[in-house]
A.B. asks: 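Pasting in a structure now, in structure tokens, and then I'll have a few things to ask.
The figures that follow rest on heavy atoms only: side chains count, while hydrogens, waters and symmetry mates do not. Per chain, numbering begins at 1; letters A, B, ... match sequence-line order. Worth saying up front: this structure is predicted, and the values here are computed from it rather than measured.
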There are 4 protein chains.
Amino acid sequence: MSRPMRADARRNRERILAAAGAVFAEGGPDASTEEVARRAGVAAGTVFRHFPTKADLLRALMKELLEQVTAEAATLATEGDPATALFEFFRSLVRRTADNRTVVGMLAVPLDQPIASLTDVVATLLTRAQQAGAVDPGVRADEVMALLTSACQGALQGGWDAGLRDRTCEIMLRGLKPAKGPKESR
Amino acid sequence: MSRPMRADARRNRERILAAAGAVFAEGGPDASTEEVARRAGVAAGTVFRHFPTKADLLRALMKELLEQVTAEAATLATEGDPATALFEFFRSLVRRTADNRTVVGMLAVPLDQPIASLTDVVATLLTRAQQAGAVDPGVRADEVMALLTSACQGALQGGWDAGLRDRTCEIMLRGLKPAKGPKESR
Amino acid sequence: MSRPMRADARRNRERILAAAGAVFAEGGPDASTEEVARRAGVAAGTVFRHFPTKADLLRALMKELLEQVTAEAATLATEGDPATALFEFFRSLVRRTADNRTVVGMLAVPLDQPIASLTDVVATLLTRAQQAGAVDPGVRADEVMALLTSACQGALQGGWDAGLRDRTCEIMLRGLKPAKGPKESR
Amino acid sequence: MSRPMRADARRNRERILAAAGAVFAEGGPDASTEEVARRAGVAAGTVFRHFPTKADLLRALMKELLEQVTAEAATLATEGDPATALFEFFRSLVRRTADNRTVVGMLAVPLDQPIASLTDVVATLLTRAQQAGAVDPGVRADEVMALLTSACQGALQGGWDAGLRDRTCEIMLRGLKPAKGPKESR
DNA sequence: TATGAATGAGCCTTCATTCAT
DNA sequence: CATGAATGAAGGCTCATTCAT
């Protein structure tokens, strides 16, 4: 079996991922690999040793982000207030996206397996919210995902300020609420 | 002042814009200028005579699209049913975007003046909808614009099918409705 | 239909082919395209405008050579002495190869159609030589081609002097002669 | 003088040469050094410790091959039938080449000393064959070497089938026979 | 001494832009 | 003015070679 990666290699791998995170966050997926290398303080070849292809690098980056995000969602699903956890997660993800073009790609790219994981957790959050009467029972998980994607894209491209971003989120979330107000009267 | 453009020059300009519309709609902003020229039936140099820079071409294209869209909105503002015109416009724009990678950029790019025009019309639509009790009075025009941007971006990137696209739109629009159901004025 | 190439373009195309001829003759097919450009006095992009791929360039080069060679053979087939034309052609091709790594590739590469043409002419030369009693009737055209390829390769790689080259050719040619001396006694 | 190589070092050296033999036989001299290392089960650095340069590795490989081939020829010179040994050797070497892109380089590369050895043995084979009346007395050793080189190159590049290869060899060998049929001494 | 990660030059190719025709 | 060829700066990627571990 392959031995655990050498210490310096692991360190470089991480520096590259971090640099890539920054570079692609700023410049989108067309940013250059050389720039990533430069920012990571390594030579171009090193990037390619770790990620044989630019696409591989992007994929790895997105996978990492997705895993973080999914973990965050999972925590909320376990420990959060069912009635609000989904909304919290939504706001949090959108907020984070505002500075990171990568998150967006992540939600739209061929990372089928990891995306499925996120969708699963979101589905859980959704079900709980519906059981708590906070979300309309007619809403489906793919719709929530679509809403998330949209909000993130918007947050990214729009150059919105924090206020606008939050208020826009709230409108979307309001759209999820039960048609005639929460079931448990009020 | 520059003389009025010669007839053939004007015709070329338009053919180029049309071609660019098609090409960038298909291939996104990374599509090549040569391809635009080819599709317009002119030589590369001609494209650059009319648009000194690729960015200029994109900007012109977006401006044109924006103007069309704004006109459409204006018509709805004048002739449509106040209670539904905003929603119609929203759905229509999003639907159109799904096949056009250019529209998206349009809503996010430094075209301050034309964007302001669209925002104005949208504001009109919004006000009327609010007066008709179809939209919550607390909603602001920039929020509607943000929602539009998001929905268009999402529709573009997500690879959604028409059904999902429409349902996602509806959720957003529901979020715009008055807090306690329609008509319960202020 | 496409217009005849512009004068300067045609000139460049030819300079590139000439340069490529020299460069690949010296350095083999691994020589760099940039070097070709440099030697042709054009920028790298120009090479690629004319030959979209390095492989295309090589193919064009070989095709050109092949056509020259085939023409030469055809002339010999028409005007030469049947008894010696094949031998002349053989010697001539090998001699030419001694300074040109390209000829060699040409005889071994996927240029199926042009190679077939050469094989055809060689077959003609062969048949005539056999009818004239200068070559053994058992010899087949593919064998002559194989002999040619071998001799060219050898001449190229061996670093032979002209004398050795010629003498080696003679041995091969002797191998083609009728088993018991020319049919027409002596 | 440098100390005798450590046992494991010597073993590595041999494994590398073996791997290089396989790799370059398959992929030609452009095959990568890393691939050699991988196939030898060592790290890249180890290859370079033993052979400071890729060229050195190739040279060593060819030297080894040459020595094997020379040994084979020497055996034939000692034990074989003088009248046929040269021909056997010729056929054997060509056949072997057909699957080994390295052999070819071997006959054409600056390995002066080892090549000289092979030439010597070939000269012996030749002399005996001439004394036995199987080869024309006018033939010289450098011509036989040139023939060998040609045939090997051809066998390699041509993509010939075994039949064509063998028939082509026979033609070359026929060219070596005495001018007026065998045995008709001098 | 072996390892295998890092280096960095070089290759092929693309494309926005310029300029001779 | 239009044409389309030429330019030249990147970009992604490979690989021989070096060097820290």
Side-chain angles (χ1 to χ4, degrees), chain A residues 2-3 5-13 16 30-37 40-57, chain B residues 5-9 12 30-38 41-57, chain C residues 2-3 5-13 16 30-37 40-57, chain D residues 5-6 8-9 12 30-38 40-57:
Chain A
S2 58
R3 280 201 266 144
M5 201 178 249
R6 238 167 64 177
D8 54 346
R10 156 130 27 285
R11 194 168 52 250
N12 266 342
R13 195 193 141 93
I16 291 169
D30 288 354
S32 102
T33 306
E34 285 267 346
E35 174 63 21
V36 172
V42 302
T46 302
V47 175
F48 285 91
R49 161 176 283 272
H50 286 280
F51 307 96
T53 275
K54 185 181 184 171
D56 290 328
L57 175 54
Chain B
M5 202 175 258
R6 262 170 45 177
D8 55 345
N12 267 343
D30 289 355
S32 98
T33 306
E34 284 267 353
E35 175 64 23
V36 172
R38 202 173 309 132
V42 303
T46 305
V47 174
F48 281 88
R49 167 168 299 278
H50 286 279
F51 307 94
T53 271
K54 185 180 185 175
D56 291 326
L57 174 55
Chain C
S2 58
R3 281 201 266 145
M5 199 178 252
R6 238 166 65 177
D8 54 347
R10 171 164 318 326
R11 195 170 49 251
N12 266 341
R13 195 194 141 93
I16 290 168
D30 288 355
S32 101
T33 305
E34 285 268 347
E35 174 63 22
V36 172
V42 303
T46 303
V47 175
F48 284 90
R49 161 175 283 272
H50 288 279
F51 307 95
T53 273
K54 185 181 184 174
D56 290 328
L57 175 54
Chain D
M5 203 174 256
R6 261 171 45 177
D8 55 345
N12 267 344
D30 289 355
S32 98
T33 306
E34 285 267 352
E35 175 64 21
V36 171
R38 202 173 308 131
V42 304
T46 304
V47 174
F48 282 87
R49 168 170 297 277
H50 286 280
F51 308 95
T53 273
K54 186 181 186 174
D56 290 327
L57 174 55

A.B. asks: Would you compute the distance between atom CG of B/L57 and atom OG1 of B/T33 and round it to the nearest 0.5 angstrom?
C.D. replies: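 Nearest 0.5 Å value for the CG-OG1 distance: 7.0 Å.
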A.B. asks: Would you kindly compare A/A9 and C/R11 by the position of their nearest DNA chain E nucleotide and give the one closer to the 5′ end?
C.D. replies: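 Result of the comparison: A/A9.
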A.B. asks: Distance check needed: E/dG4 P versus A/R10 CZ, whole Å only.
C.D. replies: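 One finds 15 Å between P of E/dG4 and CZ of A/R10, rounded.
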A.B. asks: Starting from Watson-Crick (N1-N3 plus N6-O4 or O6-N4) and G-U wobble pairs under 3.5 Å, report the runs of at least three that DNA chain F belongs to.
C.D. replies: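 Stem list for DNA chain F: E:2-21 with F:2-21.
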A.B. asks: Do A/R6 and E/dA5 share a donor-acceptor pair, side chain to base, under 3.5 Å?
C.D. replies: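 Result: no qualifying N/O pair found.
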A.B. asks: Could you give the distance from CG (D/N12) to OG1 (D/T46), rounded to the nearest 0.5 Å?
C.D. replies: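 Between atom CG of D/N12 and atom OG1 of D/T46 there are 6.0 Å.
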A.B. asks: Under 4.0 Å: is that the gap between some side-chain N or O of C/R49 and OP1 or OP2 of F/dG4?
C.D. replies: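 So the side chain of C/R49 is outside the cut-off, no N or O lying under 4.0 Å from OP1 or OP2 of F/dG4.
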A.B. asks: Between atom CD in A/E35 and atom P in F/dG12, what is the gap in whole Å?
C.D. replies: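 A/E35 atom CD is separated from F/dG12 atom P by 11 Å.
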A.B. asks: Check this one for me: any side-chain N or O of D/N12 less than 4.0 Å away from OP1 or OP2 of E/dA2?
C.D. replies: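 Yes, such a contact exists.
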A.B. asks: Does E/dA5 have OP1 or OP2 under 4.0 Å away from a side-chain N or O of A/T46?
C.D. replies: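 So the side chain of A/T46 is outside the cut-off, no N or O lying under 4.0 Å from OP1 or OP2 of E/dA5.
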A.B. asks: Going by atom type alone, with no hydrogens or angles, which donor-acceptor pairs under 3.5 Å involve a side-chain atom of residues 47-56 of chain A and a protein atom two or more places apart or on another chain?
C.D. replies:
unit_1: A/K54; atom_1: NZ; unit_2: A/P29; atom_2: O; d: 3.1
unit_1: A/K54; atom_1: NZ; unit_2: A/A31; atom_2: O; d: 2.8
unit_1: A/D56; atom_1: OD1; unit_2: A/R59; atom_2: NH1; d: 3.1
unit_1: A/D56; atom_1: OD2; unit_2: A/T53; atom_2: N; d: 3.3

A.B. asks: So which protein nitrogen or oxygen atoms get under 3.5 Å of nucleotides 15-18 of chain F's nitrogens or oxygens?
C.D. replies:
unit_1: F/dA16; atom_1: OP1; unit_2: D/K54; atom_2: NZ; d: 2.8
unit_1: F/dA16; atom_1: OP2; unit_2: D/T33; atom_2: N; d: 2.9
unit_1: F/dA16; atom_1: OP2; unit_2: D/T33; atom_2: OG1; d: 3.3
unit_1: F/dT17; atom_1: OP2; unit_2: D/K54; atom_2: N; d: 2.8

A.B. asks: Considering all heavy atoms of both residues, which atom of C/V36 and which atom of C/I16 are nearest to each other, and what is their separation?
C.D. replies: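 Taking C/V36 first and C/I16 second, the nearest heavy atoms are CG1-O, 3.9 Å.
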A.B. asks: Measure from CG on B/L57 to P on E/dC15 and round the result to the nearest Å.
C.D. replies: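 Rounding to the nearest Å, CG of B/L57 and P of E/dC15 are 15 Å apart.
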A.B. asks: What integer distance in Å separates C/I16:CD1 from E/dT13:C1'?
C.D. replies: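 Value for this atom pair: 15 Å.
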A.B. asks: Taking 4.0 Å as the cut-off, does a side-chain nitrogen or oxygen of D/H50 come that near to OP1 or OP2 on E/dT1?
C.D. replies: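 No, because none of the side-chain N or O atoms of D/H50 sits under 4.0 Å from OP1 or OP2 of E/dT1.
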A.B. asks: Nearest 0.5 Å please: distance from the CZ atom of A/R13 over to the CG atom of A/D8.
C.D. replies: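 Answer rounded to 0.5 Å: 14.0 Å.
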